[in-house]
K.L.:
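Please read through the structure below; I'll follow up with questions.
All of these numbers come straight from a predicted model, not from anything done at the bench.
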Amino acid sequence: MFDTEQEKIRIKKLKLLKEKGVIPYPYKFKVTYTIQDIQTKAPELIAKKKSIQSAGRITAIRGHGKTIFVDLQDRYGKIQIYLQSKLLGDKYEIFKLLDIGDFIGVKGELFETHTKELTILVQDFTLLSKSLHPLPEKWHGLQDKEIRYRKRHLDLIMNPDVKNVFLTKVKLIKEIRNFLDNRGFIEVDTPILQPVYGGAFAEPFKSHYKALDRDFYLRISDELYLKKLIIGGLDKVYEFGKDFRNEGIDRLHNPEFTQLELYQAYADYEDIMQIVEQLFKNLLTKITCPTVKREGKNEITYQGIKIKFKIPWQRTTFFDALKKYTGKDLKNSDISEITRIAEENEILILKGYHRGKILNSLFETLVQPNLIEPTFIIDYPKDISPLAKEKRGDPSLVERFELFVAGIELGNAFSELNDPLEQLERFKSQQEFRNKGDLDAQIMDKDFIEALEFGMPPTGGLGLGIDRIVMLFTDSHSIRDVILFPQLRT
RNA sequence: GCGCCGCUAGCUCAAUUAGGUAGAGCAACGGACUCUUAAUCCGUAGGUUCAGGGUUCAAUUCCCUGGCGGCGUACCA
């Protein structure tokens, strides 16, 4: 546990401190000014020679014989403190048993050094926690991505920009809440452990509930429960939910991720598109990440690509988009033609792939990477959208859209299917796909059908990938950079 | 899953070309130093080179297997 030379030395220092009567892990310390407070109120604090108390982690020590300069870091900032042996007497020697990484509380007065650096002249200090491991190197920080993800505490200590990313995530979620609350939506929560999973195409994580002696699944979406709330009359609901999908990990996928789902009664997918546009307009105005430069309120530069969010965003039908990038109108094509195009483009077709699924593969490979500016792809084939309502005037399609920005899928929405008899038929055809080998086909949920039978008003519904939106706002290349503890191999 | 790349001191990196006693900076330890800020100066210590196997007189270096990670790709509509 304490194998290295430096760790052994720290353990020894801990023992020495105890022998000298220093409590290495005390209970509390009164902070009268955070480091950020000190910085904003500096002129006043200096002028009035106010006694201030602040606390933080030691990140650098520069000794000069009878004086020591120390950098102290707290949640929002870093400040220099100055210790003089003539002021501290015997305690000055105690400080020599402290290390980079230790937490201390200090009491003193603020002043400016000759080089105009804000500094606390320390009259007294208190050890608040002894750190038993050396921190990574001060200048290069912590680079090793594996350690950064596995030991996020070290990443946060050493790489201040990381903090900004997660503070931006918090602000963004808070702002979405505000936006929805102001429009009369109510926030709810629905089960994560579900006896039947549904609402998306994905394999679930499976668990076992001993008391009931039956298998449960971690939800892959909140959809069916939220629609029950619409049936129950809540009319406008949303949930920020952790969803779990038993699938691969890459720069856009983490097995557990945060999704916003919202449902609005008496609305259709057109209304939802407008909500999404307004929501982003609001976020673009209010959310800025300190480490990401933005030129204007209507644009974001993501990974070097400038993206404009001028409303209304582009709306293109699924088949028009395919036509643009394949040169062929595939709306009435048969499966052999689609298969041929897939093969021409070296798109893998696995067991259980039916027409819609191959079309979707074509779309993802040939169209999606080109969708840089915010784009609503609308009106999807029915067989890959079992929860969406038929397109008015075209029974082969459904009223559904997906939102793409920077080639990344950010959201999925429909005019929700509310005809219980048709929903039953859709589930049945999903069952057939499943029997033919499509393991992601959706599961019959009789409980949900029965709820629909009581009557669900026309409803528009939406799912938004929050982590991916945060990627956009923080210019993060990987979803791992916007999830504090991303999944890694154990 | 597949492909490529990587893994060396607590951290950041050298040394691998063509096999020949594994180095530096920071951090640490001892010493000097009352405005430094990547403090400076003098000195010291610190290594199962990811693991296991193989080739060789000799392996961080070459080969094989495994582990972990990164990037890409596939799967995940």
K.L.:
Of the candidate nucleotides B:rC71, B:rC35, B:rA45, which contains the atom at the shortest distance from the side chain of A:Lys145?
P.N.:
B:rC71
K.L.:
Would you mind classifying the nucleic acid contact of A:Arg355 as base, sugar-phosphate or nothing, using non-hydrogen atoms under 4.0 angstrom?
P.N.:
nothing
K.L.:
Under a 4.0 Å threshold between the charged nitrogen and the carboxylate oxygen, would A:Asp155 count as salt-bridged to A:Arg152?
P.N.:
yes
K.L.:
Measure across A:Ile100 and A:Ile61 and return the closest heavy-atom pair with its distance rounded to 0.1 Å.
P.N.:
N-CD1, 3.9 Å
K.L.:
Roughly how many Å apart are B:rC50 and B:rU60, using the P atom of each and rounding to a whole number?
P.N.:
10 Å
K.L.:
Atom CG of A:Leu132 and atom C1' of B:rA27: how far apart are they, to the nearest Å?
P.N.:
16 Å
K.L.:
Could you tell me how far apart A:Lys96 (NZ) and B:rG31 (P) are, to the nearest whole angstrom?
P.N.:
8 Å
K.L.:
Does the distance from a Lys or Arg side-chain N to an Asp or Glu carboxylate O, for A:Asp124 and A:Lys91, drop under 4.0 Å?
P.N.:
yes
K.L.:
What nucleic acid atoms does A:Gln6 come within less than 4.0 Å of, heavy atoms only: base, sugar-phosphate, or nothing?
P.N.:
base
K.L.:
What's the CD1-P distance between A:Ile147 and B:rG69, to the nearest Å?
P.N.:
13 Å
K.L.:
Hey, is the side chain of A:Arg489 poking within less than 4.0 Å of OP1 or OP2 on B:rG69, counting only N and O atoms?
P.N.:
yes
K.L.:
For a quick check, tell me whether the side chain of A:Thr113 and the base of B:rU36 share a donor-acceptor pair closer than 3.5 Å.
P.N.:
yes
K.L.:
With sequence neighbours excluded, what pairs up with A:Arg251 under the side-chain hydrogen bond (donor to acceptor under 3.5 Å, both in side chains) test?
P.N.:
A:Tyr302, A:His477
K.L.:
Mapping A:Leu98 and A:Ile349 to their closest nucleotides on RNA chain B, which lands nearer the 5' end?
P.N.:
A:Leu98
K.L.:
Counting any heavy atom closer than 4.0 Å, what does A:Phe111 reach on the DNA or RNA strands: base, sugar-phosphate only, or nothing?
P.N.:
base
K.L.:
At 4.0 Å (heavy atoms only), tell me whether A:Glu7 reaches a base, stays on the sugar-phosphate, or touches nothing.
P.N.:
nothing
K.L.:
With a non-hydrogen cut-off below 4.0 angstrom, is A:Leu488 in contact with a base, only sugar-phosphate, or nothing?
P.N.:
sugar-phosphate
K.L.:
Stacking between B:rU12 and A:His140, yes or no? Criterion: centroid separation under 5.5 angstrom, plane angle under 30 degrees.
P.N.:
no
K.L.:
Using a heavy-atom cut-off of 4.0 Å across all strands, would you classify A:Tyr82 as base, sugar-phosphate, or nothing?
P.N.:
base
K.L.:
Taking atom C1' in both B:rU61 and B:rC42, compute the distance separating them and give it to the nearest angstrom.
P.N.:
36 Å
K.L.:
If you check the A:Leu348 side chain, which of B:rC68, B:rA74, B:rA27 turns out closest?
P.N.:
B:rA74
K.L.:
Starting at NE2 of A:His253 and ending at C1' of B:rU73, how long is that distance when rounded to a whole Å?
P.N.:
13 Å
K.L.:
What does the 5'-to-3' dot-bracket notation of RNA chain B look like when only Watson-Crick and G-U wobble pairs under 3.5 Å count, and pairs to other strands show as |?
P.N.:
(((((((..((((......[..)))).(((((.......))))).....(((((..]....))))))))))))....
K.L.:
Please state how far atom CD in A:Glu346 lies from atom P in B:rG72, giving the value in whole angstrom units.
P.N.:
20 Å
K.L.:
Take atom CZ in A:Arg150; do more than 12 heavy atoms of anything else shown fall under 6.0 Å from it?
P.N.:
yes
K.L.:
What distance, rounded to whole Å, do you find between the two C1' atoms, one in B:rG66 and one in B:rA28?
P.N.:
35 Å
K.L.:
Can you tell me how the ring of A:Phe401 sits relative to the ring of A:Phe376, calling it parallel under 30°, perpendicular over 60° and tilted otherwise?
P.N.:
perpendicular
K.L.:
Examine distances only and state if a side-chain atom of A:Lys382 and a backbone atom of A:Pro395 form a donor-acceptor pair shorter than 3.5 Å.
P.N.:
yes
K.L.:
With heavy atoms under 4.0 Å as the rule, sort A:Lys78 into base, sugar-phosphate or nothing.
P.N.:
nothing
K.L.:
Do any side-chain nitrogens or oxygens of A:Arg62 fall under 4.0 Å of OP1 or OP2 in B:rC33?
P.N.:
no
K.L.:
Which class fits the ring pair A:Phe69 and A:Tyr82: parallel under 30°, tilted 30 to 60°, perpendicular over 60°?
P.N.:
parallel
K.L.:
If you go through the side-chain atoms of A:Glu117, does one of them form a donor-acceptor pair with the base of B:rU36 closer than 3.5 Å?
P.N.:
no
K.L.:
By nearest atom, which of the nucleotides B:rU34, B:rU12, B:rC35 is closest to the A:Thr67 side chain?
P.N.:
B:rU34
K.L.:
Is a donor-acceptor contact shorter than 3.5 angstrom present between the side chain of A:Glu137 and the base of B:rA27?
P.N.:
no
K.L.:
Could you check whether A:Ile384 gets within reach of a base, just the sugar-phosphate, or nothing at all, counting any heavy atom under 4.0 Å?
P.N.:
base
K.L.:
Just how far, in rounded Å, is C1' of B:rA27 from CD1 of A:Ile58?
P.N.:
14 Å
K.L.:
Does the side chain of A:His477 get closer than 4.0 angstrom to OP1 or OP2 of B:rG72 through an N or O atom?
P.N.:
yes
K.L.:
Among the candidates B:rA45, B:rG70, B:rC75, find the nucleotide nearest to the side-chain atoms of A:Tyr353.
P.N.:
B:rC75
K.L.:
B:rA74 and B:rC13: how far apart are their C1' atoms, nearest whole angstrom?
P.N.:
34 Å
K.L.:
Once hydrogens and angles are ignored, does a donor-acceptor distance under 3.5 Å link the base of B:rC75 to the side chain of A:Asp250?
P.N.:
yes
K.L.:
Distance between the P atoms of B:rA14 and B:rG53, in whole angstroms?
P.N.:
28 Å
K.L.:
Which whole-number value in Å describes the distance from A:Asp99 CG to B:rG10 P?
P.N.:
16 Å
K.L.:
From C-beta outward on A:Lys13, which listed nucleotide comes closest to its side chain: B:rC35, B:rA38, B:rA28?
P.N.:
B:rA28
K.L.:
Nearest-Å distance, NZ (A:Lys12) to P (B:rA28)?
P.N.:
15 Å
K.L.:
Classify the nucleic acid contact of A:Gly141 as base, sugar-phosphate or nothing, counting any heavy atom under 4.0 Å across all strands shown.
P.N.:
sugar-phosphate
K.L.:
Students often get this wrong, so: under 4.0 angstrom with heavy atoms, is A:Asp3 touching a base, only sugar-phosphate, or nothing?
P.N.:
nothing
K.L.:
B:rG69 phosphate, OP1 or OP2: any side-chain N/O from A:Arg150 under 4.0 angstrom?
P.N.:
yes
K.L.:
Please report the distance separating the C1' of B:rC57 from the corresponding atom of B:rG19, rounded so that it comes out in whole Å.
P.N.:
12 Å
K.L.:
Quick one: label A:His64 by what it contacts on the DNA or RNA (base, sugar-phosphate, nothing), any heavy atom closer than 4.0 Å.
P.N.:
base
K.L.:
From the options A:Asp102, A:Leu127, A:Val70, A:Val122, select the one residue that forms a side-chain contact (heavy atoms from CB on, under 4.5 Å) with A:Phe95.
P.N.:
A:Val70
K.L.:
Quick check: do A:Ile300 and A:Phe473 have side-chain heavy atoms less than 4.5 Å from each other?
P.N.:
yes
K.L.:
A:Thr119 side chain: which of B:rU36, B:rC35, B:rA74 is closest?
P.N.:
B:rU36
K.L.:
Distance from A:Phe244 atom CZ to A:Asn254 atom CG, nearest 0.5 Å?
P.N.:
10.5 Å
K.L.:
Please report the distance separating the C1' of B:rU73 from the corresponding atom of B:rA38, rounded so that it comes out in whole Å.
P.N.:
41 Å
K.L.:
NA contact type, A:Tyr380, heavy-atom cut-off 4.0 Å: base, sugar-phosphate, or nothing?
P.N.:
nothing
K.L.:
Select from A:Arg480 and A:Glu203 the residue whose nearest nucleotide in RNA chain B is closer to the 5' end of that strand.
P.N.:
A:Arg480
K.L.:
Rounding to an integer number of angstrom, what distance separates B:rU65 and B:rG3 when you compare their P atoms?
P.N.:
11 Å
K.L.:
Would you say the side-chain atoms of A:Asp467 pair up with the backbone N or O of A:Thr258, donor to acceptor, closer than 3.5 Å?
P.N.:
yes
